[in-house]
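Both ligands and their constituent atoms are indexed starting at 1 by order of listing.
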Amino acid sequence: MLEIIDLSKHYGDVKAVQGLNLTIQPGEVFTMLGANGAGKTTTLMVALGFTEPTHGAVRICGIDVARDPLEAKKHVAYVSENVMLYGNFTARQNLDFFTRLGGHHGATPDDYNRVLARVGLQRDAFDRRVKGFSKGMRQKLGIAIAIMKDAEVILLDEPTSGLDPKSGGEFLRLLAELRAEGKAIWMTSHDIFRAKEISDRVGIMVSGQLVKELDRDELAQADLERLYVEFVSGLEQQTV
Ligand SMILES: Nc1ncnc2c1ncn2[C@@H]1O[C@H](COP(=O)(O)OP(=O)(O)OP(=O)(O)O)[C@@H](O)[C@H]1O
Ligand SMILES: [Mg+2]
């Protein structure tokens, strides 16, 4: 479970996150929408313990990230927008390296084959150096690394931004499987249509604040694109 409790993060005068409260349960997909600079990635950075909150806290499986970052990190997997990989290693070597780093030492070559196929990486790329990989291929490998960690909480920053339409659809099916396994999933996206399709809840963030939250029933009824534009342009005007 992921709990964000009255979280604020300021960088000097910039209030990147202001009073955010959110709980993501096991088996739930939450998508945060919001304009560039709304505070989505900052929220993730605090949740991962990469930066300290100015106020409030994030708990992962009940563990306060700022107080016990090492213990909290055991329970969270992260896929960033630009996945960090070793260019001179092959896909399989990267997967093996990061899986061991995450504390799993018993994975077999078959496990790696299965997970690389599951994320939709083409088979002829498994043993190629990642130096020449496209953004989408890197994202797929990043998702494979996250799956191997088998963490209760999965955080993804714009995971579909580099994926072609077919891969994007496959990614949604993969998320649905992870949800069925009981993972608590928090992602950011600019893709309103995919967000609507997969999410149990969607939030809209404007200037560091969660200004609107919709559950599945509300999502089915709402014109999410219209709502998004209304909230983002309306509130941005007020804060100018
Ligand atoms: N390390 C930092 N130092 C100073 N300001 C920062 C830092 N990181 C983020 N900010 C500021 O915090 C605000 C929120 O940025 P953030 O990256 O969280 O937005 P975002 O919602 O992820 O945007 P995008 O959709 O473009 O990814 C912005 O005004 C940004 O300039
Ligand atoms: Mg961001």
Are [X] and [Y] ion-paired here, with the side-chain N under 4.0 Å from a carboxylate O?
X: Asp64; Y: Arg59; result: no
X: Arg100; Y: Asp96; result: yes
X: Glu177; Y: Lys183; result: no

- Message: For the backbone of Met45 and the side chain of Thr51, can you confirm whether one donor and one acceptor N or O come within less than 3.5 Å of each other?
- Response: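 It does not hold such a pair.
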- Message: Any side-chain to backbone donor/acceptor pair from Asp215 onto Arg201? Under 3.5 Å, distance only.
- Response: no
Does the side chain of [X] come under 3.5 Å of the side chain of [Y] through a donor N or O and an acceptor N or O?
X: Arg92; Y: Asn113; answer: yes
X: Thr188; Y: Asp157; answer: yes
X: Lys15; Y: Ser8; answer: no

For [atom], find the nearest protein heavy atom and state the residue, atom name and distance (0.1 Å precision).
atom: atom 23 (O) of ligand 1; answer: Gly37 N, 2.8 Å
atom: atom 17 (O) of ligand 1; answer: Thr41 CB, 3.7 Å
atom: atom 25 (O) of ligand 1; answer: Lys40 NZ, 2.7 Å
atom: atom 12 (O) of ligand 1; answer: Ala16 CB, 3.3 Å
atom: atom 29 (O) of ligand 1; answer: Val14 CG1, 3.6 Å
atom: atom 2 (C) of ligand 1; answer: Tyr11 CE2, 3.5 Å

- Taking the six-membered ring of Tyr11 as reference, does the NZ or CZ atom of Lys9 fall below 6.0 Å from its centre and within a 45° cone about the axis? yes
- Query: If we only count N/O pairs under 3.5 Å, is Gly39 in contact with ligand 1?
  - Reply: yes
- Strictly under 4.0 Å, does any heavy atom of Gly12 approach an atom of ligand 1? no
- Task: Using the salt bridge (charged side-chain N to carboxylate O under 4.0 Å, His left out) rule, take Glu218 and Lys212 through it: C-alpha gap first, then chi angles, then the decisive distance, then the call.
- Result: CA-CA 11 Å; Glu218 290 166 325; Lys212 179 79 185 162; 5.5 Å; no
- Message: Students often mix this up, so state it plainly: with edges at 30° and 60°, are the rings of Phe50 and Tyr78 parallel, tilted or perpendicular?
- Response: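 Rings of Phe50 and Tyr78: perpendicular, as their planes differ by over 60°.
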- Once the angle between the rings of Phe97 and Tyr86 is folded into 0 to 90°, is it parallel (under 30°), tilted (30 to 60°) or perpendicular (over 60°)? perpendicular
- Item | In the protein, N/O/S atoms that are found under 2.8 Å from the Mg ion (ligand 2), waters not counted |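 Result, waters dropped: Thr41 OG1.
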By number and element, which atoms of ligand 1 are closer than 4.0 Å to a non-hydrogen atom of [X]?
X: Ala38; answer: 19 (O), 20 (P), 21 (O)
X: His190; answer: 25 (O)
X: Thr42; answer: 9 (C), 14 (C), 15 (O), 16 (P), 18 (O)
X: Glu158; answer: 25 (O), 27 (O)

- Task: May I ask you to identify, for Asn36, whether its side chain, its backbone, both or neither come under 4.0 Å of ligand 1 on a heavy-atom basis?
- Result: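 For Asn36, backbone and side-chain atoms both sit under 4.0 Å from ligand 1.
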- Task: Check whether any protein heavy atom sits under 4.0 Å from atom 31 (O) of ligand 1.
- Result: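 False for atom 31 (O) of ligand 1.
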- Measure from atom 9 (C) of ligand 1 to the protein's non-hydrogen atoms and state whether any distance is below 4.0 Å.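 Looking at atom 9 (C) of ligand 1, one finds that a protein heavy atom does lie closer than 4.0 Å.
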- Would you sort out whether Lys196 and Thr31 count as a side-chain hydrogen bond (donor to acceptor under 3.5 Å, both in side chains), showing the intermediate values? CA-CA 9 Å; Lys196 185 170 172 166; Thr31 303; over 6 Å; no
